[in-house]
*Asks:* 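Okay, here's the structure, questions in a sec.
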Amino acid sequence: MDELETRELRYVIAVAEELHFGRAAARLSIAQPALSKAIRRVEARLGVPLFIRSSRHVAPTPAGEALVEHGRHALNAVGAAVRRARSAGDSRAPLRLVLKPGGDAGLLSGLLAAYAAEPDARQVDILFSGPADRSGFLRDGRADVGLLYTPFDDLGGLDHEPLHTEDRVAVVPAGHRLAGRGAVLVADLEGETLPRWRGVPGVPGGGGTGPEVADVVQLLHLISTRRMIAVLPRSLVSPVPPGLVAVPVSDAPASTLVLAWNERDRRPLVAAFVTAAQGLVARHPA
């Protein structure tokens with residue numbers, strides 16, 4: 001038998017993350033000898049070593065790295081299943097909507113009103129996350145639906161409904177060499193310092209070598225102090241803050257705000273919110 005319990009997966013992942021059996025044991029609230037014995041049992045069951053051990057060093061083997069990678073996905077799936085089961089069994093559980101601050105293109109109040117008109121609508125809890133987290137919230141069940149932007153957010157494993165498509169603008173400080181232009185091209189940004197979004201791979205006009213940023217508020221402060229410029233969906237800087245200028249980037253890919261949800265989630269509360277969003281878009285097309 002090579003099946004592993006979720007408890008054993010957590011043990012392996014903790015050791016791989018801490019690279020120290022003592023710290024991993026303290027994190028798991030178990031005795032170090034018990035943890036070491038449990039890891040040895042897992043290795044014996046799988047027939048491969050998971051860690052290289054010495055008196056000063058612990059490191060995962062290739063087999064250990066593979067188990068950790070897939071083990072994280074397995075634990076996330078188990079956690080999502082538990083959360084969805086509890087939600088499905090609780091008719092009073094709220095619907096959880098995740099978005100980044102200001103990342104609704106002005107549609108949030110309309111979406112909530114449209115959903116409230118649906119039969120059996122539930123309370124909606126708003127969850128705010130950083131730029132790289134929203135997809136994860138939907139995959140692991142921490143949120144039921146989310147507002148994401150393409151082409152920035154990873155939609156793998158998610159279904160989605162387009163809500164609003166808009167152009168992208170270069171946000172620069174007043175007096176910048178591009179501030180007086182009617183429009184610019186991506187090539188015009190060459191040599192400029194662009195932000196690195198925390199946890200988000202570089203995208204055209206949106207990734208760079210500048211300071212790492214976690215949200216738009218932090219980003220706009222760095223632009224106003226002339227540390228960098230950025231290319232953003234227009235709605236994120238509408239109205240444009242004082243001291244900044246938004247210049248259209250005519251050849252940047254359009255940005256689309258989408259309503260997203262886990263592709264395996266067929267619960268009525270999610271379907272009702274999607275239906276409300278579809279009706280809102282049909283009445284007020286972008």
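Counting from 1, the numbers follow the sequence of the chain as shown. What you see is a predicted model; the values in this text were computed from it and never measured.
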*Asks:* Out of curiosity, Leu155 CG to Glu263 CD, how far, rounded to the nearest 0.5 Å?
*Replies:* 11.0 Å

*Asks:* Let me confirm one number: the OG-CZ distance from Ser36 to Arg53, rounded to the nearest 0.5 Å.
*Replies:*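 Going from the OG atom of Ser36 to the CZ atom of Arg53 covers 7.0 Å.
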
*Asks:* With distance as the sole test, does Asp251 use its side chain to make a donor-acceptor pair with the main-chain N or O of Val186 at under 3.5 Å?
*Replies:*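 Such a contact is found between Asp251 side chain and Val186 backbone.
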
*Asks:* How far does NE2 of His160 sit from CH2 of Trp261, to the nearest 0.5 angstrom?
*Replies:*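 One finds 8.0 Å between NE2 of His160 and CH2 of Trp261.
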
*Asks:* Could you walk me through whether Leu148 and Val258 satisfy the side-chain contact (heavy atoms from CB on, under 4.5 Å) test, starting with their C-alpha distance in whole Å, then the side-chain angles of each, then the deciding distance to 0.1 Å, before giving a yes or no?
*Replies:* CA-CA 5 Å; Leu148 279 63; Val258 302; 4.0 Å; yes

*Asks:* Taking the basic N atoms (NZ, or NE/NH1/NH2) and the acidic carboxylate oxygens, is any pair closer than 4.0 Å for Asp144 and Arg96?
*Replies:*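 Yes, charged N to carboxylate O under 4.0 Å.
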
*Asks:* On a heavy-atom basis, which atom in Val58 and which in His20 lie closest, and how many Å separate them?
*Replies:* CB-N, 4.4 Å

*Asks:* Please check if any side-chain donor atom of Ser255 sits under 3.5 Å from a side-chain acceptor atom of Glu166, or the reverse.
*Replies:*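 Judged by distance alone, the side chains do not pair up.
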
*Asks:* Search all heavy atoms of Gly110 against all heavy atoms of Leu280 and return the closest pair with its distance.
*Replies:*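 Distance-wise, the nearest heavy atoms are C-CD2, 3.7 Å.
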
*Asks:* After noting the C-alpha distance and the side-chain angles of Asp154 and Arg139, does the key distance pass the salt bridge (Lys or Arg N to Asp or Glu O under 4.0 Å) rule?
*Replies:* CA-CA 11 Å; Asp154 177 11; Arg139 292 192 188 95; 3.1 Å; yes

*Asks:* Are Leu222 and Pro195 close enough that some pair of their side-chain heavy atoms sits under 4.5 Å apart?
*Replies:*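 SC-SC contact between Leu222 and Pro195 ruled out.
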
*Asks:* Any heavy-atom pair between the side chains of Pro60 and Leu50 that's under 4.5 Å?
*Replies:* no

*Asks:* Which of parallel (below 30°), tilted (30 to 60°) and perpendicular (above 60°) describes Tyr115 and Phe273?
*Replies:* tilted

*Asks:* Any salt bridge between Glu8 and Arg45, counting N to O under 4.0 Å?
*Replies:*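 A salt bridge is present here (some side-chain N lies under 4.0 Å from a carboxylate O).
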
*Asks:* How close do Leu257 and Ala105 get, counting heavy atoms only, and between which atoms?
*Replies:*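 Heavy-atom minimum between the residues: CD2-CB, 3.8 Å.
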
*Asks:* Any side-chain heavy atom of Thr193 sitting closer than 4.5 Å to one from Ile229?
*Replies:*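 Not in contact.
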
*Asks:* Looking at every non-hydrogen atom in both residues, tell me the closest pair between Ala254 and Thr165 and how far apart they are.
*Replies:*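 Residues Ala254 and Thr165, closest heavy atoms: CB-CG2, 3.8 Å.
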
*Asks:* Using a cut-off of 6.0 Å, state whether more than 12 heavy atoms not belonging to Arg227 lie near its atom CZ.
*Replies:*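 Not buried by this count: 12 neighbours or fewer within 6.0 Å.
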
*Asks:* Could you check whether any side-chain heavy atom of Leu108 comes within less than 4.5 Å of a side-chain heavy atom of Leu97, counting everything from C-beta outward?
*Replies:*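 Side chain of Leu108 against side chain of Leu97, heavy atoms only: contact under 4.5 Å found.
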
*Asks:* Could you go through Glu43 and Lys37, starting from their C-alpha distance and side-chain angles, then the distance that decides it, and tell me whether this counts as salt bridge (Lys or Arg N to Asp or Glu O under 4.0 Å)?
*Replies:* CA-CA 10 Å; Glu43 291 175 321; Lys37 186 176 181 180; over 6 Å; no

*Asks:* Closest approach of Leu138 and Gly146, non-hydrogen atoms and distance?
*Replies:* CD2-N, 3.7 Å

*Asks:* Would you mind reporting whether Ile39 and Phe51 have side-chain heavy atoms less than 4.5 Å apart?
*Replies:* yes

*Asks:* Got Arg134 and Asp153 here, is their nearest side-chain heavy-atom distance under 4.5 Å?
*Replies:* yes

*Asks:* Between CG of Asp167 and OG of Ser235, what distance do you get to the nearest 0.5 Å?
*Replies:*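 It is 9.5 Å, given to the nearest 0.5 Å.
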
*Asks:* Are Glu17 and Arg72 within salt-bridge range, i.e. N to O under 4.0 Å?
*Replies:*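 So Glu17 pairs with Arg72 through a salt bridge.
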
*Asks:* About how many Å separate CG of Leu107 and NE2 of His164, when rounded to the nearest 0.5 Å?
*Replies:* 6.5 Å

*Asks:* For His176, run the side-chain hydrogen bond (donor to acceptor under 3.5 Å, both in side chains) check against Arg226, Glu192, Arg181 and tell me which one passes.
*Replies:*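 It is Glu192; the other options fail the test.
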
*Asks:* Taking the side chain as every heavy atom from C-beta outward, state whether Val213 and Arg196 have any pair of such atoms under 4.5 Å apart.
*Replies:* no

*Asks:* Could you point out which residue of Val245, Val171, Leu219, Ile223 forms a side chain to side chain contact (heavy atoms under 4.5 Å, CB included) with Val237?
*Replies:*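 Answer after filtering Val245, Val171, Leu219, Ile223: Val171.
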
*Asks:* Quick check for you: to the nearest 0.5 Å, what is the distance between Leu9 atom CG and Leu4 atom CG?
*Replies:* 5.5 Å

*Asks:* What about Val12 and Ile52, same hydrophobic cluster or not, with Ile/Leu/Val/Met/Phe/Trp/Tyr joined at side-chain heavy-atom distances under 4.5 Å?
*Replies:*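 They do not share one cluster, since no chain of ILVMFWY contacts under 4.5 Å joins Val12 to Ile52.
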
*Asks:* Hey, are the side chains of Leu67 and Leu46 touching, using non-hydrogen atoms and a 4.5 Å cut-off?
*Replies:*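 Yes, at least one pair of side-chain atoms sits under 4.5 Å.
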
*Asks:* Grab the two heavy atoms, one from Gly182 and one from Pro248, that are nearest each other, plus how far apart they are.
*Replies:* O-CD, 3.4 Å

